[in-house]
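Below, read A as the first sequence line, B as the second, and so on, with proteins coming before strands; counting in each chain starts at 1.
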Amino acid sequence: MTEEISYDIQAIQEKWLPIWDELRPFASGNPDDSRPKKYVLDMFPYPSGDLHMGHAEAYALGDVISRYWVQKGFNVMHPIGWDSFGLPAENAAIKRGLDPKGWTYDNIAQQRSSMRRYACSFDWDRVLVTSDPIYYRWNQWLFLQFYKKGLAYRKNSNVNWCPSCQTVLANEQVVQGLCERCDSVVTKKALTQWYFKVTDYADRLLDDLDTLEGNWPSKVLQMQRNWIGRSQGADVEFLIEGRQEPVTVFTTRPDTLFGATFMVVAADSSLAAELAQKADSETKAAFDAYLEKVKQSNDIERLATDRPKTGVFLGAYAINPVNDERLPIWASDYVLADYGHGAIMAVPAHDQRDFDFAKAMNLPVRMVVDTGEGDPAVTGQPTTGDGVLTNSGELNGLHKGEAIARMIELLASRGKGKAAKNFRLRDWLISRQRYWGTPIPIIHCANCGEVPVPEDQLPIELPSAEGLDLAPKGKSPLGGATDWLNVPCPNCGAPAQRDSDTMDTFVDSSWYFLRYLSPNSTTEAFPVEAAKEWAPVDQYVGGVTHAILHLLYARFFTKVLHDLGFVDFEEPFTRLLNQGMVLMNGSAMSKSRGNLVKLSDQLDEHGVDAIRLTMAFAGPPEDDIDWADVSPAGSAKFLARAWRIAKDVTSAPGVNVVAGNAELRKATHTFLRDFAPSIESFKFNVGVAKIMELVNALRKAIDGSVGGADPAVREGAEVVAKALSLFAPYTAEEMWSMLGHEPGVALAGLQEADSSLLVESSTVAVIQVDGKLRDKLEVSLEISEDELRELALSSENTKRAIGDRQIANVIVRAPKLVNIATK
RNA sequence: GCCCCCAUAGCCCAAUGGCAGAGGCGGGCGACUUAAAAUCGCUACAGUGUGGGUUCGAGUCCCACUGGGGGCACCA
């Protein structure tokens with residue numbers, strides 16, 4: 001009496017985990033390893049709790065890619081770490097009354113254990129945690145390199161301020177005028193803050209996107225281009241009556257200079273304040289009142305596009321450099337202080353905003369480009385398109401493009417202007433007034449000013465949180481750690497203070513992919529020689545949420561490191577895959593929405609493999625997965641079906657497959673031909689479907705006349721086990737073992753298709769009449785066009801379809817198709 | 001307002017310009033069973049959002065529209 005064994009995924013999981021721990025199939029650091037190198041990287045998680053469904057998708061897909069290249073015979077580096085500094089840790093710690101450190105490291109331990117259970121193919125010798133001093137020490141070192149190069153600097157300016165988080169935000173962290181983290185309305189505050197000079201790299205960050213075309217999602221490239229936002233135009237100098245220095249304005253339309261009828265300066269700019277200062281007391285009072293109102297308005301109000309134009313006349317005049325006209329100077333909040341020069345020439349006839357302002361303030365509108373749509377002064381519609389210059393002196397008769405070039409020449413020859421470009425991108429504000437981050441390695445000395453901490457004194461470790469008030473109050477909590485704060489100046493020895501701000505956590509993630517090369521090194525940030533071998537990252541996998549911020553900053557760091565001679569490449573991530581989100585019933589999962597699906601529950605219920613398989617099979621990886629639409633139970637059912645195939649194989653390992661059933665062998669080798677391309681083009685769902693197809697064929701063969709003893713059945717079952725190991729490592733390993741092999745199906749390799757098995761002797765030709773299918777004919781592969789044409793025209797079905805119509809044309813694509821077009 | 005992406009069966013999704021269906025979910029029928037579950041087998045269901053165009057031939061290319069999603073948004 002034989003006992004029927006059934007598929008028990010939980011037992012299989014328990015069985016293989018310790019064996020894999022021993023086997024370490026994904027270790028990449030052996031110096032004798034002669035396999036070609038490949039670097040596959042998953043975006044590292046934030047340790048905010050245990051892994052969730054989103055992680056499960058991301059790591060399932062990253063694992064398919066990583067395991068695929070291992071199977072292909074590559075030495076794949078697939079490391080993992082934790083992006084463990086940042087506000088959420090701090091806020092959670094404050095809320096629970098815990099040290100952010102304890103909270104963070106508990107979560108890391110939890111996630112690490114979950115990743116092991118989830119069978120992520122990580123190289124556990126390459127692990128980093130950004131809140132470890134051994135890591136953030138190199139943030140500080142990099143900061144000092146940037147500082148030496150003039151790429152890290154401090155300035156006082158109006159910064160984005162989150163009144164709830166009580167910290168400054170980078171432009172990139174302000175979404176629709178709201179704080180990215182807490183959705184509070186962001187306000188402005190004048191503060192002295194540290195910046196990285198990312199604008200120095202704006203051109204390269206934009207232009208080099210072209211080199212990623214085809215390897216990054218076009219959506220991400222577009223978002224990056226959009227964000228950098230380069231505008232080409234000209235800087236034009238205007239003299240100001242009663243002022244020594246001319247004022248420069250940036251314009252993309254120098255061709256319309258003759259149509260300028262006023263000038264506008266940003267209300268919150270120093271120029272506006274200066275001009276108001278010189279004006280009569282009434283004007284000054286009006287300006288002060290206006291400025292007060294502007295300062296009180298927040299980003300939400302500023303961003304409203306249908307907002308009426310407001311402003312005050314400053315009592316001053318600018319002189320148009322091409323016709324010496326006097327242009328009244330106004331202050332308004334529709335001009336931004338930190339873009340261009342904070343001042344514009346207003347051409348209401350050809351700019352909607354200037355037109356709206358002119359209308360509101362009753363200022364003149366003068367058409368200088370005739371677009372054929374009528375005079376804006378009459379129609380009330382500014383015209384922004386191409387046309388012929390008019391009212392523009394020597395530019396008259398030229399088209400827009402010619403006129404722009406001509407005007408730039410003209411201005412340049414008179415020393416009144418030059419071609420110029422501007423970027424939407426601003427410098428990266430990196431200071432944060434929070435505790436849980438990398439301390440900025442600068443000491444402020446009354447005598448010496450800013451003094452960089454000598455490199456041999458790094459790291460500047462965070463003081464213990466004990467006794468510090470971490471609650472946000474607008475000043476860094478580190479300022480309260482007086483023992484830590486007060487140090488002698490490294491230069492002169494006088495009493496001095498450490499900088500008490502910490503770095504934006506995006507600094508941590510801007511170079512971590514290099515740190516994996518030597519995550520525990522105490523002598524260097526990363527090994528320059530090893531970076532030449534492994535980097536850049538061949539395949540990066542992560543969420544589209546990081547399409548702008550993280551990727552832009554990592555690209556910036558890479559270019560700086562390139563210029564400093566540390567790396568020999570300029571782009572960090574050669575290929576990028578953005579996976580979608582996991583939704584539930586159409587929306588993002590959240591506790592408050594009540595649609596949270598717990599990953600651990602899913603794993604308990606269906607098993608790791610079924611969840612991983614479901615993630616891969618749900619659809620194209622970049623699409624969102626609605627968990628309500630997919631069937632982890634179905635995946636589990638399929639895995640059991642695959643498992644039973646292995647159980648039903650009765651031939652011995654190593655049996656000669658050549659004698660096996662030809663039809664089944666053909667199915668197996670067709671699979672081998674088609675599987676790899678679907679994985680390499682990220683069509684994981686299609687790859688899984690093909691495995692299902694092969695399993696179906698095997699089932700049919702075993703239950704039918706072929707039988708489980710046929711060598712072709714073994715061949716097919718082994719191929720299934722190996723292919724399935726990308727998606728369902730436990731089931732695959734169990735199958736591999738049942739098939740009589742030693743553990744390590746992940747390293748077994750997937751053979752190439754035997755093309756001799758795929759040769760067809762005949763094929764089915766499709767006969768169409770006027771594009772519609774009318775007949776199918778079995779024909780030889782070598783059939784000539786003429787033969788096939790004859791066969792098609794003599795077919796009864798074809799004749800019937802043609803009826804009494806006349807044949808106009810016969811298209812023959814031997815041996816596959818004939819299309820008969822009738823009149 | 002500007003830019004980008006998407007639309008195939010009840011549902012999730014396949015389909016080098018050449019037979020609309022690979023795979024799955026759900027449904028129906030059958031085999032096995034005393035019965036059920038599990039398993040195995042069979043099966044129905046759309047002419048590809050709408051309207052034009054290019055082509056011998058369009059789900060696929062082009063144009064417009066509708067619907068959905070995303071990015072940017074007073075950036076001169």
Side-chain angles (χ1 to χ4, degrees), chain A residues 4 6-7 175-177 217-227 229-231 233-234 236 249-253 256 264 266 302-307 309 332-336 338-347 350-354 356-357 422-426 544 547-548 580 613-614 617-620 622-626 628-635 637-638 640-641 644 674 678 683 685-696 699-700 702-704 764-776 807-813 816-822:
Chain A
E4 191 65 15
S6 66
Y7 176 74
V175 178
Q176 304 281 297
S218 50
K219 181 171 144 188
V220 174
L221 295 174
Q222 185 216 341
M223 283 162 75
Q224 294 252 325
R225 290 191 178 108
N226 226 330
W227 190 264
R230 182 165 58 198
S231 300
V236 184
V249 306
F250 174 73
T251 177
T252 53
R253 295 294 303 277
T256 62
V264 186
R302 273 188 75 108
L303 283 170
T305 44
D306 51 354
R307 193 160 162 255
K309 294 281 183 286
S332 174
D333 64 354
Y334 87 90
V335 171
L336 309 175
D338 59 352
Y339 183 78
H341 306 281
I344 62 153
M345 64 179 222
V347 184
H350 306 295
D351 182 280
Q352 183 70 50
R353 296 151 302 177
D354 296 346
D356 293 343
F357 192 82
N422 259 294
F423 296 91
R424 216 195 69 96
L425 182 71
R426 309 298 152 91
V544 74
I548 296 173
L613 186 72
T614 301
F617 184 55
E622 59 275 12
D623 287 6
D624 290 343
I625 299 173
D626 194 327
D629 288 339
V630 296
S631 170
S635 299
K637 207 171 98 181
F638 164 71
R641 188 169 154 88
R644 280 194 306 272
D674 297 340
S678 31
K683 294 175 176 175
N685 52 330
V686 178
V688 172
K690 290 189 186 307
I691 302 178
M692 291 173 167
E693 218 178 331
L694 182 55
V695 166
N696 290 345
R699 181 80 267 149
K700 202 171 226 168
I702 292 167
D703 291 349
V764 174
V766 173
I767 314 303
Q768 300 173 338
V769 176
D770 292 325
K772 293 200 171 59
L773 174 70
R774 295 303 180 197
D775 203 359
K776 293 180 185 183
I807 295 171
N809 194 7
V810 182
I811 314 301
V812 184
R813 296 279 179 274
K816 287 300 231 185
L817 176 132
V818 177
N819 188 15
I820 300 159
T822 65

- Message: Run A:V630 and A:F617 through side-chain contact (heavy atoms from CB on, under 4.5 Å) and show every step you take.
- Response: CA-CA 9 Å; A:V630 296; A:F617 184 55; over 6 Å; no
Given the [atom1] atoms of [N] and [M], what is the spacing between them in whole Å?
N	M	atom1	result
B:rC32	B:rU39	C1'	9 Å
B:rA14	B:rA22	C1'	6 Å
B:rG70	B:rA20	C1'	30 Å
B:rC45	B:rU34	C1'	36 Å
B:rC61	B:rU55	C1'	10 Å
B:rU43	B:rU54	P	41 Å
B:rG53	B:rG21	P	27 Å
B:rG26	B:rC63	P	41 Å

side-chain hydrogen bond (donor to acceptor under 3.5 Å, both in side chains) with [X]: which residues, sequence neighbours excluded?
X	answer
A:K219	none
A:S635	A:T614
A:Q222	none
A:D674	none

Between atom [atom1] in [X] and atom [atom2] in [N], what is the gap in whole Å?
X	N	atom1	atom2	value
A:D626	B:rC25	CG	P	18 Å
A:R230	B:rA76	CZ	P	13 Å
A:I702	B:rU39	CD1	C1'	14 Å
A:N226	B:rC5	CG	P	13 Å
A:I767	B:rG57	CD1	C1'	14 Å
A:M223	B:rC5	CE	C1'	12 Å
A:F638	B:rA38	CZ	P	18 Å
A:Q222	B:rC5	CD	P	8 Å

- Item | Cation over ring face, A:K309 and A:F357, 6.0 Å, 45° |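 Pair A:K309/A:F357 does not count as cation-pi.
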- Query: What is the per-nucleotide protein-contact pattern of nucleotides 9-22 of chain B, from the 5' end, where B denotes a base atom under 4.0 Å from a protein heavy atom, S denotes such proximity for sugar-phosphate atoms only, and - denotes neither?
  - Reply: --SSSSS--BB--B
- Message: Let's go through A:T256 and A:M345 carefully: what are the C-alpha distance in whole Å and the side-chain angles of both, what is the deciding distance for side-chain contact (heavy atoms from CB on, under 4.5 Å) to 0.1 Å, and is it a yes or a no?
- Response: CA-CA 10 Å; A:T256 62; A:M345 64 179 222; 3.7 Å; yes
- Task: Say whether A:N696 and A:R641, considering side chains only, have a donor N or O and an acceptor N or O under 3.5 Å apart.
- Result: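 Judged by distance alone, the side chains do pair up.
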Across all strands, who's sitting opposite [N] as a Watson-Crick or G-U wobble pair, both distances under 3.5 Å?
N	value
B:rA58	none
B:rA14	none
B:rG1	B:rC72
B:rC42	B:rG28
B:rU50	B:rA64

- Query: A:R426 versus A:D338: any side-chain heavy-atom pair under 4.5 Å?
  - Reply: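 Counting from C-beta outward, A:R426 and A:D338 do come under 4.5 Å.
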- For B:rA76, does OP1 or OP2 lie under 4.0 Å from any side-chain N or O of A:Y339?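 So the side chain of A:Y339 is within the cut-off, an N or O lying under 4.0 Å from OP1 or OP2 of B:rA76.
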- Using 30° and 60° as the class limits, which term best fits the ring planes of A:Y339 and A:F250: parallel, tilted or perpendicular?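 Geometry flag for A:F250 against A:Y339: perpendicular rings.
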Detail all sub-3.5 Å separations between protein N/O atoms and N/O atoms belonging to nucleotides 41-45 of chain B.
none

- Task: Find which nucleotide of RNA chain B each of A:S635 and A:A821 is nearest to by heavy atoms, and output the residue with the more 5' nucleotide.
- Result: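 The answer here is A:S635.
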- Under a 90° cut-off about 0 for the syn range, is B:rG47 syn or anti?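 The base of B:rG47 is oriented syn (glycosidic angle within 90° of 0).
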- Check: A:N422 side chain, A:S231 main-chain N or O, donor-acceptor pair, under 3.5 Å: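 Between the backbone of A:S231 and the side chain of A:N422 there is no qualifying donor-acceptor contact (under 3.5 Å).
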